[in-house]
Enquirer: 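Take a look at this one; I'll ask things after.
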Amino acid sequence: MVMTRTEAEDVLFHEAELLDAWELMDWAAMYTPDSLYEVTSPACADPYGADAANTLFLISDKYDRITGRAKRLMKKTAHAEYPHSKTRHMVSNVRVTGGEGDETKCRANFAVFRTKEDNSTIYMGEAFFTIAGSGTDARILHKRCVLDLNSLYNQGRLTIIL
Amino acid sequence: MALYDRDPASLVVADPAKGSFRVHRDAYRSAEVFEREKELIFGKCWLYLGHDSELAKKGDFHARRVGGRDIIFNRDKNGAVGAHYNTCTHRAAKVCRERTGNARTFTCPYHGWVFNSEGKLASQNAKTGYHDDINADGHLDLRSVERLEEYRGFWFVNFNPKAISLYDYLDNARDAIDALMDQTEAKQVILSGEHTYSINANYKLLCENSYDGYHLFPVHASYFDFLRDQLEGTPAAALIDQTLADYTTMGAVRALGNGHAILDSYVPTGRPVAQWLPSFGPEVKPEIEGKYARLVERFGEERANYIATTQKNLVIFPNLVINDILSVTVRIIEPESENRIRVTAWAMGPTDESDTLRAMRLDNFVSFLGPAGFGSPDDIEMLELCQTAASHTPVEWSEISKGFGKSEDPCHASGAPDDEIQMQAYWTMWDRVMNGKIKLEVE
Ligand code: FES
Ligand SMILES: [Fe+2]
């Protein structure tokens, strides 16, 4: 069954909650071996249609790197996130845009606040999801984040998960 | 930072007899030193502007800041590559406000002066008030950058009209560029997309880091953990630890003259041209091995082996990095102040590779490189730690002595991959340029 907007929001809010709590292995468990997590490069000419097979993205993680990213970020040797920054994921304007069977397509606006030492920066943009199932069984098959940025000039880097 | 300022003549101190090579931290933290660098380093050295393949069509342009100067890098209607200062000759407004695009003309938004793709003033947007011959001497055309030259598709500018040629400036770095460009009989091109980000650190800290073999294990331990996890259960699993154990005895760092240097090393990530590893999957094995075989035919076993299997981290003095590793990146470091840089990085690849291998090349890139990879962000963290600590402690010197003293001229030395020979070459050149010990000018 395609999810309602409220059901989709529950899934996205749960993901945000795990990320802000740095429960990253639980976050990775929301993904499957066929999943893809992507963040296009701010310089990308067509971030909605772009393909990481022929265009440089910021992030294009298949499952091994989704879990690898989660695992790495929990290590002290992931220097860029040691000590962990504080984050707050705001997810809003959720719209169910389609789907069939047990798959739901939806999009949402996001603003992620990150504080590292005394500096706070914002990653804002829109995320596109394909989600299988619903409720606690929901699995994110595809998440593409498109940043409303032209560069990471203010943010410096993207070491948190959006 | 006047607190720390000292005479630039003594910021680099080398004592070969004692094997000691030290750099005063004012060279990283002093605003006054940076002001001098703008004039002496960025005003006199060849600075990378962009690659020929970024201007595929007539009219293509990129607006870039290089050495603090805003430049339009374009291909004019006749096909010639140009570099013009991005300022109107009327009353200074920026004429090109897009970062990239294709244009037959540039129209200044302020009073409507129009410049053609060669930079010539085509219209003042006024019927009266100007003498017909007001631009007879061309002084109202867009100002061209003083010098613009290319080597194998890499376009550089120099703001000193009397500068030595780019060819001479690059010295032995030409051979390193050849090793990259010779990977294909087709063309090496900049691929779509770029990474642009900032780092709160001095530009020289990123140069040092880009070819530093010494930092690999402490900084990138978590990346090697990831590689091990990926290869677990495959025949290549043992390869990682074995290659890493041999790291300091295989390969070399080599100074290439004029402050340029390269780190040649062996890290088991595989290379699209041309070293296949099981982690690449069987489908690209024939293609990669075919590329290797063709390199042997063209250059002989030894050179082919160098081109194909050596991981190469090249820094061209003062601010261009070309890393030909698990993927190829061209990275420019634009300093904004003594403690902040803007970094722009592109991926490069040959036009004659399969879609699968192209996808793998880009996947390799983002796995390690860039502001969201598993490697570069940890480097960036180190640079910011160095900058903040150097700026907020009174300690005078950084010790860059590893491997020092074996060669007469640090700009032509070589050593083990985890030596600091490359940085000694860089800093020796820096000292020579800053203190007028090398001219870089034709008489
Ligand atoms: S400043 Fe450009 S037309 Fe006046
Ligand atoms: Fe590094």
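Every chain is numbered from 1, with letters handed out A, B, ... down the list of sequences. All of these numbers come straight from a predicted model, not from anything done at the bench.
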Enquirer: For chain B, which candidate among A:Leu149, A:Asn150, A:Thr67 shows the most heavy-atom pairs at distances under 4.5 Å?
Expert: A:Asn150
Enquirer: Just give me the residue among A:Gln155, A:Arg157, A:Glu81, A:His79 that pairs up with chain B most often, heavy atom to heavy atom, under 4.5 Å.
Expert: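 Ranked by heavy-atom pairs under 4.5 Å with chain B, first place is A:His79.
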Enquirer: Looking at B:Thr356, B:Leu385, B:Asp355, B:Val219, which has the largest count of heavy-atom pairs under 4.5 Å with chain A?
Expert: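 Among B:Thr356, B:Leu385, B:Asp355, B:Val219, the one with the most close pairs to chain A is B:Val219.
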Enquirer: In terms of side-chain heavy atoms, does A:Arg114 have a donor or acceptor partner in A:Ser85 at a distance below 3.5 Å?
Expert: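 Yes.
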Enquirer: Which atom pair, heavy atoms only, marks the closest approach of A:Ala80 to B:Glu381?
Expert: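 Here A:Ala80 and B:Glu381 meet closest at CA-CB, 3.9 Å.
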Enquirer: Closest heavy-atom contact between B:Ser367 and B:Asn364?
Expert: OG-O, 2.7 Å
Enquirer: For residues A:Glu126 and A:Arg107, determine if any side-chain heavy atom of one lies less than 4.5 Å from a side-chain heavy atom of the other.
Expert: yes
Enquirer: From B:Arg331 CZ over to B:Asn323 CG, what is the distance, rounded to the nearest 0.5 angstrom?
Expert: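 These two atoms lie 5.5 Å from each other.
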Enquirer: Pick out which of B:Ile380, B:Leu383, B:Asn313 makes a side chain to side chain contact (heavy atoms under 4.5 Å, CB included) with B:Asn209.
Expert: B:Leu383
Enquirer: Among residues 341-354 of chain B, which ones touch chain A with a heavy-atom distance under 4.5 Å?
Expert: B:Arg342, B:Ala345, B:Ala347
Enquirer: Quick one, A:Tyr153 with B:Glu336, criterion side-chain hydrogen bond (donor to acceptor under 3.5 Å, both in side chains). Give me CA distance, side-chain angles, the key distance, then yes/no.
Expert: CA-CA 12 Å; A:Tyr153 183 76; B:Glu336 296 197 331; 2.5 Å; yes
Enquirer: Between B:Arg64 and B:Glu54, does at least one N-O distance fall below 4.0 Å, as a salt bridge requires?
Expert: yes
Enquirer: Can you tell which of B:Thr100, B:Asp363, B:Asp229, B:Asp379 has the highest number of heavy-atom pairs within less than 4.5 Å of chain A?
Expert: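 Between B:Thr100, B:Asp363, B:Asp229, B:Asp379, the count favours B:Asp363.
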Enquirer: With a 4.0 Å cut-off on N to O distance, would you call B:Asp52 and B:Lys187 a salt bridge?
Expert: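 Judged by the 4.0 Å cut-off on N to carboxylate O distance, B:Asp52 and B:Lys187 do not form a salt bridge.
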Enquirer: Check the orientation of A:Phe128 and A:Tyr48. Use parallel for under 30°, tilted for 30 to 60°, and perpendicular for over 60°.
Expert: perpendicular
Enquirer: Give the member of A:Asn54, A:Leu56, A:Leu152 that has the highest number of heavy-atom pairs under 4.5 Å with chain B.
Expert: A:Leu56
Enquirer: Determine, for A:Lys75 against B:Asp225, whether the closest basic-nitrogen to carboxylate-oxygen distance falls under 4.0 angstrom.
Expert: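 Between B:Asp225 and A:Lys75 there is a salt bridge, with a charged N closer than 4.0 Å to a carboxylate O.
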Enquirer: In residues 21-45 of chain A, which residues are in contact with chain B at a heavy-atom separation under 4.5 Å?
Expert: A:Ser41, A:Ala43
Enquirer: State whether the number of non-hydrogen atoms from other residues, nucleotides or ligands found under 6.0 Å of B:Arg99 atom CZ is greater than 12.
Expert: yes
Enquirer: Where on A:Asp51 is there a heavy atom nearer than 4.5 Å to chain B: the side chain, the backbone, both, or neither?
Expert: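 No part of A:Asp51 comes within 4.5 Å of chain B.
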Enquirer: Quick one: what part of B:Met360 sits under 4.5 Å from any heavy atom of chain A, side chain, backbone, both or neither?
Expert: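 Neither part; nothing is under 4.5 Å.
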Enquirer: Would you please indicate yes or no on a ring centroid separation below 6.0 angstrom for B:Phe61 and B:Phe73?
Expert: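 Ring centroids of B:Phe73 and B:Phe61 are no less than 6.0 Å from each other.
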Enquirer: For A:Val11 and A:Met3: C-alpha separation, side-chain torsions, deciding distance, then whether side-chain contact (heavy atoms from CB on, under 4.5 Å) applies.
Expert: CA-CA 10 Å; A:Val11 176; A:Met3 286 188 283; 3.9 Å; yes
Enquirer: Suppose a student defines contact as a heavy atom less than 4.5 Å from any heavy atom of chain A. Which residues in residues 189-202 of chain B would they list?
Expert: B:Ser192, B:Gly193, B:Glu194, B:His195, B:Thr196, B:Tyr197, B:Ser198
Enquirer: If the test is side chain to side chain contact (heavy atoms under 4.5 Å, CB included), which one of B:Asn74, B:Asp60, B:Leu55 qualifies with B:Asn102?
Expert: B:Asp60
Enquirer: Mind checking the CG-OG1 spacing from B:Leu326 to B:Thr269? Nearest 0.5 Å is all I need.
Expert: 4.5 Å
Enquirer: Using a heavy-atom cutoff of under 4.5 Å, enumerate the residues of residues 369-378 of chain B that contact chain A, numbered in order, or state 'none'.
Expert: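 So far as heavy atoms go, B:Pro371, B:Ala372, B:Gly373, B:Phe374, B:Pro377, B:Asp378 are the residues that approach chain A to under 4.5 Å.
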Enquirer: Would the number of heavy atoms belonging to other residues, nucleotides or ligands and lying under 6.0 Å from CZ of A:Arg95 be above 12?
Expert: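 Result for CZ/A:Arg95: enclosed.
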Enquirer: Against chain B, label A:Lys116 side chain, backbone, both or neither, depending on which of its atoms sit under 4.5 Å from a heavy atom there.
Expert: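 The side chain, not the backbone.
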Enquirer: Do B:Asn319 and B:Tyr48 come close enough that some side-chain heavy atom pair is under 4.5 Å?
Expert: no
Enquirer: Are A:Tyr123 and A:Phe110 close enough that their ring centers fall under 6.0 Å?
Expert: no
Enquirer: Could you tell me whether B:Arg271 and B:Asp324 make a salt bridge, using a distance below 4.0 angstrom between a side-chain N and a carboxylate O?
Expert: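 Salt bridge between B:Arg271 and B:Asp324, a charged N being under 4.0 Å from a carboxylate O: yes.
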Enquirer: Quick one: what part of B:Arg361 sits under 4.5 Å from any heavy atom of chain A, side chain, backbone, both or neither?
Expert: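 No part of B:Arg361 comes within 4.5 Å of chain A.
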Enquirer: Mind checking the NZ-OH spacing from B:Lys204 to B:Tyr28? Nearest 0.5 Å is all I need.
Expert: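 B:Lys204 NZ to B:Tyr28 OH: 7.5 Å, rounded to 0.5 Å.
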